Structure formats: structure tokens, C-alpha cells
Amino acid sequence: MIETASLHCGYGDHEVLRGISLEVRSGEMTGILGPNGSGKTTLLLALAGVIPVRSGTIRLAGRNIRGQRPRWIARHVASVPQRSDVSFPFKCLSLVLMGRYPYVDGWGRYSARDLDAAVDAMEETRTSHLAHRLIREVSGGEAQTVTIARALAQETEILLLDEATSNLDVARKIEVFDLFAEKNRAGATLLCVMHDLNLAALYCKRLVFLKEGRVALDGPTVEIFNDRNLSEIYGTQIRVSAHPVTGAPQAHFVPRGNCAPTDRASSESVSGGGKC
Amino acid sequence: MKGHDPIPDHSTRELIKSRERRSLLMFGITLGLMIAGVVVSVFLAACFGRMNIPDAAVFQVILSRLGPYQASDLDPSWMVVVFDIRLSRICLSALVGLALAVAGAAFQGILRNPLADPFTIGVSTGAAFGASAAIFIGLGADQVFGLGLLPLAALGGALAALFTVVALARVEGRLRRDTMVLAGIVVSTFLSALISLLKALDEESVSSIVFWVMGSFQGRGWIHVAFALPYTLVGLALVLAYARELDLLSLGDTQAGQLGVDVNRVRMRILLGASLLTAAAVSVSGVIGFVGLVVPHLVRMTIGAEHRPLLILSGLLGMMALIWSDVIARVVLPGGEELPVGVVTALLGGPFFCMLLKGKKEAVSLD
């Protein structure tokens with residue numbers, strides 16, 4: 001359960017979030033969408049307690065996070081950052097084990113239980129073969145999957161994903177989101193910041209659109225994911241049609257001016273005899 | 001996630017666990033060897049010196065002072081030379097090597113910069129300036145009283161430099177690692193200029209100031225060990241207590257925070273601990289470069305980046321590195337003159353560090 005009430009956050013003179021009120025119930029999988037600079041990443045950072053709240057409140061699991069210890073928050077919320085720069089030669093397993101930091105004892109030791117949780121997370125993300133490779137020696141996509149494994153090893157109720165799959169290839173992207181959906185069915189609450197509108201519509205039942213630090217639109221995907229809303233928020237022409245298999249709404253961007261350089265017949269069949 | 005995993009789950013898990021057990025065993029063996037290496041280094045280093053004393057007699061003297069072993073027919077002057085002059089100096093260089101290497105590893109982790117160390121962020125020069133300023137206003141004049149105050153002045157200088165650098169590097173309430181290294185360079189360049197100014201104004205104590213800037217163990221004894229030890233132990237305890245947090249902080253503040261580290265508090269404590277180690281070292285030996293830079297780098301290349309083993313093994317390797325650098329400083333010149341040990345570490349560490357830097361550049365360009 002995540003609740004924010006007229007949340008304001010920012011950096012220096014720049015106020016990024018300007019009054020976000022949002023309620024995400026346990027077990028929801030919600031996509032956070034919006035143009036660049038709309039405050040998506042800042043919202044996730046605020047929810048994870050790593051940037052200070054200027055005004056308003058954030059409540060996690062029924063408690064105001066102001067004054068909560070970072071370890072408490074990290075036992076309830078795990079984050080997957082957009083990218084993770086590791087300057088030092090850590091083993092992938094060591095990085096996944098860092099997800100167990102909120103549970104370590106006073107001496108900073110990982111228990112057998114922590115090792116099990118880390119290995120579980122690596123097996124779920126199919127990265128266990130990388131366990132003893134150095135993070136610098138694996139590919140960017142593999143490193144990102146290791147970061148996802150780290151968040152799963154935290155065993156939290158809430159997962160905050162910030163473009164978690166943006167540098168994975170299509171197959172891995174779907175695989176990872178299938179895993180997220182599975183976690184969601186098992187009770188996890190997921191908040192996914194995404195640029196990929198269609199991936200969001202495919203997996204998230206609810207979408208929240210941010211624009212200029214405010215909630216522009218919030219509702220069930222099937223209701224709000226339509227031509228008019230998307231075109232208005234993104235400021236470009238967007239058409240929506242049903243996914244051929246799942247029936248989820250999918251967005252199609254319409255180039256300005258002329259159609260794509262295909263022959264007229266196929267262009268007409270694709271656009272369904274539309275104006276373009 | 002899917003059923004087509006080529007390796008059955010339980011065997012992967014067992015493989016990972018057995019590799020973890022093996023690396024723990026390897027760490028244990030390495031630790032044992034390094035401790036043995038330090039002990040052997042102490043004994044062997046005591047055999048080097050201006051006075052010609054048989055090696056067997058050196059061992060006899062050390063053993064007779066350490067335990068119930070009684071040496072009967074030893075020259076009393078050998079006792080003084082080996083125990084009070086050589087051994088005290090060896091212990092001091094080991095202590096300083098330990099402090100500098102651990103401080104270097106801690107600064108590198110917290111600044112997320114493998115090239116950072118007490119010098120890059122100005123703490124060493126701050127300590128040297130504190131000491132030089134104390135000499136300038138006459139605190140160093142008294143042999144006993146001055147000895148007690150000089151290192152305290154070095155500590156004050158180190159902390160002042162650290163907080164100046166932190167204040168300069170704090171942008172919009174957050175510390176930025178690149179700004180911090182830059183601020184460290186600014187502060188240490190400025191303080192070096194001030195040390196030179198003091199040198200010019202007070203010609204009488206030039207040699208004393210040169211000692212602080214170049215680093216040396218010449219004329220140091222047990223009293224210096226006694227002074228540096230408590231500071232080193234406190235600094236060591238602070239840094240080691242947060243070894244796990246150092247792992248997470250080396251991913252950056254944001255991720256460390258997301259993983260549950262109380263970033264600002266933990267970072268200040270680690271910085272304080274590492275500064276304490278630096279100040280303790282600088283206050284008894286002056287500025288000795290490259291130990292805090294090269295030693296953690298070597299260890300990290302061999303055993304990886306996890307700070308718990310890294311800090312411990314860096315400390316032990318730092319001890320050996322400085323014990324032998326000081327032996328070289330004592331015996332390398334044919335005329336019996338001594339080199340400042342800082343010259344030896346810079347001559348040995350400089351080219352080595354260039355090699356590391358070169359290798360690092362190539363690795364980055366391949367990415």
C-alpha cells in the first residue's frame with residue numbers, strides 16, 4: 001500500500017513534484033508514464049525515501065516514511081534503477097547479496113538465509129550462471145538483470161522499477177516482465193516507470209500519467225489508454241488499436257506529414273482506410 | 001523463470017555455495033599468510049642497519065624482550081640498537097602502513113573513485129599543514145611537550161581540511177564525488193603553498209617542515225608508536241564497523257539509500273575514521289604518498305572489491321609495504337645517509353601507479 005498526499009519534492013530551486021496525490025493498493029501493478037522531465041524518477045526516489053519530502057506525506061504500509069529508518073523502508077520497498085554504474089570489481093553474487101543489507105546483523109554478516117534469497121533471485125532472473133563473474137565482465141543487459149535480481153532478493157512487498165528493462169533486448173524484456181507479473185499475482189505491489197507505452201499497456205492494469213510534476217491522468221488502462229488522451233499528453237498524434245493476441249490497447253505513433261514510404265495499397269490496409 | 005534452464009536448479013545452488021565456501025577458505029589462507037608475512041618482515045627488517053649485528057643476535061634480542069627467553073652473552077648496546085632503535089621504527093612504519101592503506105581503501109570506496117586516497121581529498125596535506133603551523137608558532141620547540149601537541153595539531157589540520165573539502169563539495173545539500181576530488185586538490189594545493197610560505201618565513205625550522213612534507217621515520221621511537229596507536233585503533237574500528245556499508249556506498253548514494261543505508265550518517269563516520277587514520281599516520285611520519293593508493297588497488301585486483309576482506313588485507317599489505325620501504329630508505333645510500341621514506345614510496349609507487357592508470361584507461365576504452 002502506497003499513499004502520497006499533495007507531495008512536493010525537488011532539487012535546489014527546481015521543484016519537480018508539485019502536489020502528487022496517489023493511492024496504490026497492495027497487489028496492484030501500475031505503470032507510471034509521462035514525457036521526459038515529468039517527475040517519474042523523482043517520484044520513485046521519494047517513495048524509496050532517498051530524496052527528502054518538501055511538503056505533503058508519503059505513507060508506506062500504513063506508516064509515514066518521515067523519520068523511518070532507511071533499513072525499515074528498504075525492507076518494504078525495493079528499487080531497480082535505470083542503470084547502475086559499478087566502479088569496482090564486485091562479483092555479481094556480491095551485488096545481489098547487497099539486496100539483503102536491510103536484514104544483516106550488527107556485524108554486517110549475511111546469513112545462510114540471505115545467501116539462499118540471493119540465489120533464489122538469481123535463479124528467478126536466470127542469472128545464477130553469472131554468480132561468480134565480475135560485474136564489469138558481463139554485458140550491460142546482464143548487469144541490469146543482476147540489478148533486478150538484487151531488488152528481488154530484498155523480498156519486499158513493493159517494487160519500484162525505473163525503466164528497469166530499457167536496455168534489455170525484446171525477449172529478455174518480455175521474460176523479465178512476465179516475472180514481474182508473476183510476482184504481482186503472488187501479491188507484490190509494482191510501480192513501473194516506463195517510456196514504452198505498449199509494454200506498459202500490456203502488463204499494467206492501471207496507468208498514471210505525470211505531466212509537469214502533477215498527475216495528468218490516472219485510471220484503468222482500458223479506459224484511459226486512448227487516442228485523445230495519449231495525443232494530448234505526449235503532444236504528438238497517437239492512434240490506439242487492440243493487441244492481436246491479448247486485446248490490450250497498443251499505441252501507434254503517426255508520423256507528421258506523409259505516410260511511411262511504403263506502397264499505397266499496403267499503407268491503406270495497415271491504416272484501415274484512414275485519412276493517412 | 002522458464003522451464004528451459006539447461007542446468008538443474010539444485011546443482012547450480014550447490015555450485016554457488018561451494019564456491020562461496022572455497023573463497024572463504026582462500027581468504028582464510030591468504031589472511032594467515034599475510035599475518036605470517038608481517039611477522040617475518042618485522043624480524044628480517046630488524047637485521048638491516050648501520051651497526052653490524054649478527055642476524056642470530058638480532059633474533060635473540062627481540063625474543064628476549066618479547067618473552068621468557070633469556071639471552072646471556074649479548075652486547076648491551078645491541079639490545080638498545082635492535083629493540084629501541086630498529087624495532088620501534090619497524091613497528092611505527094607497520095602502524096603507519098596499516099593506517100594509510102586502510103584509509104586509502106575507505107576513501108576510494110566512499111568517493112567511488114579507485115584513484116582517490118588521503119592526498120587526493122586533501123586530508124594528508126591538511127595534517128601536514130596543521131603540524132607545520134604548530135612548528136611555526138613555536139609549539140614544536142619543546143621536546144616532550146611539543147611532541148604531544150604536534151600530532152594533535154596534525155589531527156586538527158586533517159579534520160579542518162576534510163570539513164572544508166566536504167563543505168566545498170556539497171552542492172544543493174548533496175556530496176558529489178567528482179566535486180569532492182576537485183575540492184581536495186584545491187585545498188591541498190592551497191595548503192602546500194601555505195606550508196611553503198611558513199617555510200620561507202621561518203628559515204630555522206625548514207628541516208622540520210621538510211620532514212612533515214616528505215615523510216620519514218628518522219629518529220622516531222616507541223613514544224611515537226604509543227601516540228599513534230590509540231588514534232589508529234579508533235579509526236580502524238570506525239572504518240571496519242562500516243565495511244559492509246562501504247560496499248553499498250561504492251554503488252553511489254542513491255542506490256545505497258535504496259538498499260537501506262543511512263547514507264549521510266554512515267558516510268560522515270567513515271570519513272571521520274579514515275581521517276583519524278591519516279592524521280595518526282601523518283602526525284608521526286609526515287606525508288608518505290602512494291601507500292594508500294597502490295596497496296588497496298593491488299588487493300582489489302587480486303581478491304575483488306568486497307570491503308571486509310579488502311580493508312583487512314590492505315592493512316596487512318600496507319604494513320609490509322612500509323616496513324620494506326623504510327628498510328630501503330635506511331640502507332640504499334652508500335654513505336650511510338638516509339632517504340625520507342616518502343621518496344622511496346613515491347619512486348616505487350609512482351611508476352607502478354602509472355601502469356595501473358594505463359591499464360585502466362585501456363579497459364575503459366574497450367567498454
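Just so we're on the same page: letters track the sequence lines, and every chain starts at 1. The structure presented is a predicted model; accordingly, all values stated were derived computationally and were not measured.
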Item checked: Euclidean distance, B/R244 CZ relative to A/L97 CG, rounded to 0.5 Å -> 7.5 Å

Next item on the list: Can you measure from CZ (A/F90) to CG (B/L251) and round to the nearest 0.5 angstrom?
Entry: 6.0 Å

Check: Looking at A/S84, A/A131, A/A48, which makes the most heavy-atom pairs under 4.5 Å with chain B?
Finding: A/S84

Note to self: Closer than 4.0 angstrom, basic N to acidic O: yes or no for B/K17 and A/D116?
What the structure shows: yes

Note to self: A side-chain contact here means heavy atoms from C-beta on lying under 4.5 Å apart; do B/E20 and A/L93 qualify?
What the structure shows: yes

Margin query: Between A/L45 and chain B, with a heavy-atom cut-off of 4.5 Å, which part of the residue counts as in contact: side chain, backbone, both or neither?
Written below: side chain

Next item on the list: Could you tell me whether B/R13 and A/D120 have a side-chain N and a carboxylate O separated by less than 4.0 Å?
Entry: yes

Next item on the list: Would you please test B/T12 and A/H129 for side chain to side chain contact (heavy atoms under 4.5 Å, CB included) and show each step?
Entry: CA-CA 8 Å; B/T12 321; A/H129 61 289; over 6 Å; no

Margin query: Report which part of B/Q258 has an atom under 4.5 Å of a heavy atom belonging to chain A: side chain, backbone, both, or neither.
Written below: both

Next item on the list: Could you pull out the closest heavy-atom pair between A/P70 and B/V261, with the gap in Å?
Entry: CB-O, 3.7 Å

Checklist line | residues 145-161 of chain A: residues contacting chain B (heavy atom under 4.5 Å, by number) | finding: A/R150, A/Q154

Note to self: Classify the ring geometry of A/F88 against B/H307: parallel below 30°, tilted from 30° to 60°, perpendicular beyond 60°.
What the structure shows: perpendicular

Checklist line | Partner chain B: residue of A/G106, A/P89, A/A74 with the largest heavy-atom pair count (under 4.5 Å) | finding: A/P89

Margin query: Distance check, rounded to the nearest 0.5 Å: B/L248 atom CG versus A/Y101 atom OH?
Written below: 7.0 Å

Margin query: Looking at A/R54, I'd like to know if its CZ atom is crowded, meaning that more than 12 non-hydrogen atoms belonging to other residues, nucleotides or ligands lie closer than 6.0 Å.
Written below: yes

Check: Who are the ring pair (Phe, Tyr, Trp, His ring centres under 6.0 Å) partners of A/H76, not counting sequence neighbours?
Finding: A/W72

Notebook entry, point to check: A/S87 and B/S250: which non-hydrogen atoms are nearest, and at how many Å?
Noted result: OG-O, 4.2 Å

Next item on the list: Could you tell me the separation between the OG atom of B/S23 and the NE2 atom of A/H132, rounded to the nearest 0.5 Å?
Entry: 5.5 Å

Notebook entry, point to check: NZ/A/K91 to CD1/B/I16 distance, rounded to the nearest 0.5 angstrom?
Noted result: 10.5 Å

Notebook entry, point to check: Using a cut-off of under 4.5 Å for heavy-atom pairs, which of A/R69, A/R109, A/R75 has the most such pairs with chain B?
Noted result: A/R109

